[in-house]
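Step one of this worksheet: look at the structure below.
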Number of protein chains: 2
Amino acid sequence: MLQRHTEVTTEFRRDECNPITRDVLTRVGDKWTVFTVVVLGGGPKRFNELKRSIDGISQRMLTLTLRTLERDGIVTRSVFPTVPPRVDYALTPLGMTLLRTLKDLHDWVSSNADEITQARAAFDRRSAVQQPL
Amino acid sequence: MLQRHTEVTTEFRRDECNPITRDVLTRVGDKWTVFTVVVLGGGPKRFNELKRSIDGISQRMLTLTLRTLERDGIVTRSVFPTVPPRVDYALTPLGMTLLRTLKDLHDWVSSNADEITQARAAFDRRSAVQQPL
DNA sequence: CAGAATCCGTCTGGATACTG
DNA sequence: CAGTATCCAGACGGATTCTG
């Protein structure tokens, strides 16, 4: 039957979707951020190593993503004054804790991508019947 | 079976950041998606209930977010032909599994928003010293 | 190698007005 | 109540070129 457990249930607290939370969530949930952090979860990497590991990312986006992550205290940037220059990126302790969460998210997506693709096809089929041109 | 064993050494498998995964991740990690799914984790909600619960979301974005989630098989949309109309949104079983992950992400952000804010301030201070106009 | 800088089309998303 | 439709500024992000 209709279980109408009146909305006395845990009401979502408004102060948990404040501007700061929203902003951080926007960056942290970003697709390139997820890939970057997950890849860095395998250990420190150099710039071009990361670029090769993250399929489809442009140099510009990798730079911007890394810069933002560094600013947010999630990755460190270590420059070795050699020739040619070498720059290592690694997760901070804070980044390590984020890794766990993002790895879960990434795994969920990987595991359910097919089901979602099928759901989309089914939805589009239903819509197509409703609106024949 | 077409198992490509090239570059087995790489910890991160390339086919795990394929276009589909990337696409799903882009949507699922979206800030409004996270808030919407987390709020729906508290039970079915009506359109305006959701709108009131998600601070700062516009009607347009709520509509688009819900439509996408419905298409992806993550939420259901139940229309009650009453006057005035009533539409309930709820998580599907697939949505329930996503909820766990997104709740973690949301909680991580809530817990670490302050630390990140401070990291940003520190980073900006360091940068400011380097570039005095 | 690791980027910075620039150009520029695409997409995002808020505001507003209208509807069944 | 629960949307749809339209407008439009600004952010996103790829491609390309240049540098220490």
Side-chain angles (χ1 to χ4, degrees), chain A residues 7 17-19 21-36 39-40 44-72 75-90 123 127 130-131, chain B residues 17-19 22-36 39-40 44-72 75-90 123 127 130-131:
Chain A
E7 52 220 80
C17 44
N18 59 51
T21 304
R22 230 183 304 157
D23 179 80
V24 173
L25 201 46
T26 299
R27 300 184 179 285
V28 140
D30 170 70
K31 103 190 125 177
W32 296 132
T33 297
V34 175
F35 286 133
T36 302
V39 169
L40 281 177
K45 298 266 184 302
R46 300 178 60 171
F47 186 84
N48 278 333
E49 254 184 306
L50 284 168
K51 189 167 184 325
R52 279 190 298 273
S53 297
I54 305 170
D55 192 33
I57 197 170
S58 64
Q59 186 194 64
R60 176 186 147 85
M61 287 317 295
L62 181 55
T63 301
L64 288 177
T65 301
L66 288 169
R67 211 56 86 235
T68 301
L69 288 174
E70 186 195 359
R71 180 172 182 258
D72 288 357
V75 310
T76 56
R77 178 171 179 274
S78 312
V79 183
F80 300 85
T82 58
V83 177
R86 176 202 178 97
V87 180
D88 275 14
Y89 291 92
F123 182 91
S127 307
Q130 303 277 9
Q131 312 232 355
Chain B
C17 46
N18 60 51
R22 231 183 303 157
D23 178 80
V24 173
L25 201 46
T26 300
R27 301 184 178 285
V28 141
D30 171 71
K31 102 189 127 181
W32 297 132
T33 297
V34 175
F35 286 134
T36 302
V39 169
L40 281 178
K45 298 267 186 300
R46 300 178 61 170
F47 186 85
N48 277 334
E49 253 183 307
L50 284 167
K51 189 166 185 325
R52 278 190 299 273
S53 298
I54 305 169
D55 191 33
I57 196 169
S58 64
Q59 189 190 57
R60 175 187 149 84
M61 286 318 294
L62 181 55
T63 301
L64 287 177
T65 302
L66 288 170
R67 210 57 87 235
T68 301
L69 288 174
E70 187 194 357
R71 183 167 107 104
D72 287 357
V75 309
T76 56
R77 179 172 178 273
S78 311
V79 182
F80 299 84
T82 57
V83 176
R86 176 202 178 98
V87 180
D88 275 15
Y89 290 92
F123 181 92
S127 308
Q130 303 277 7
Q131 312 233 349

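A note on names: the letters A, B, ... follow the listed sequences, proteins ahead of strands, and every chain is numbered from 1.
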State which of [options] makes the closest approach to the side chain of [X].
| X | options | value |
| --- | --- | --- |
| A:Gln59 | C:dG20, C:dC1, C:dG3 | C:dG3 |
| B:Pro85 | D:dA2, C:dA4, D:dT4 | D:dA2 |
| A:Trp32 | D:dC1, C:dG3, D:dG14 | D:dG14 |
| B:Met61 | D:dC1, C:dG13, D:dG3 | C:dG13 |
| B:Val87 | C:dG3, D:dA2, C:dC1 | D:dA2 |
| B:Thr63 | D:dG14, D:dT4, D:dA2 | D:dT4 |

inquiry  = Is the phosphate of D:dA2 approached by B:Arg46 (side-chain N or O, under 4.0 Å from OP1 or OP2)?
reply    =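 Looking at the OP1 and OP2 atoms of D:dA2, one of them is under 4.0 Å from a side-chain N or O of B:Arg46.
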
Answer yes or no: is there a side-chain heavy-atom contact under 4.5 Å between [X] and [Y]?
| X | Y | result |
| --- | --- | --- |
| A:Arg22 | B:Asp55 | yes |
| A:Thr36 | A:Tyr89 | no |
| B:Asp88 | B:Arg46 | yes |

key: First of A:Arg77 and A:Arg60 reached from the 5' end of DNA chain C, by closest nucleotide   =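 Between the two, 5'-proximity favours A:Arg77.
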
Rounded distance in Å - [atom1] ([X]) to [atom2] ([N]):
| X | N | atom1 | atom2 | result |
| --- | --- | --- | --- | --- |
| B:Arg52 | D:dA2 | CZ | C1' | 12 Å |
| A:Lys51 | D:dG13 | NZ | C1' | 13 Å |
| A:Leu64 | D:dC12 | CG | P | 9 Å |
| A:Phe47 | D:dG20 | CZ | P | 18 Å |
| B:Asn48 | D:dC1 | CG | P | 5 Å |
| A:Arg67 | C:dA2 | CZ | P | 12 Å |
| A:Asp30 | D:dA11 | CG | P | 16 Å |
| B:Leu62 | C:dT12 | CG | C1' | 16 Å |

ask   = Hey, does the side chain of B:Thr68 reach the backbone of B:Leu64 with a donor-acceptor pair shorter than 3.5 angstrom?
value =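 It does hold such a pair.
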
ask   = Would you say the side-chain atoms of B:Ser127 pair up with the backbone N or O of B:Phe123, donor to acceptor, closer than 3.5 Å?
value =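 At least one qualifying donor-acceptor pair exists.
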
query = Hey, does A:Tyr89 reach any base, or is it just sugar-phosphate, or nothing, if we go heavy atoms under 4.0 Å?
reply =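 Here A:Tyr89 touches the backbone only, sparing every base.
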
ask   = Less than 3.5 Å between a donor and an acceptor, one on the side chain of A:Glu49 and one on the base of C:dA2, is that the case here?
value =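 Result: no qualifying N/O pair found.
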
task = Between A:Ile57 and B:Pro84, name the one whose nearest nucleotide on DNA chain D is closer to the 5' end.
result =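 Closest to the 5' end, via its nearest nucleotide, is B:Pro84.
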
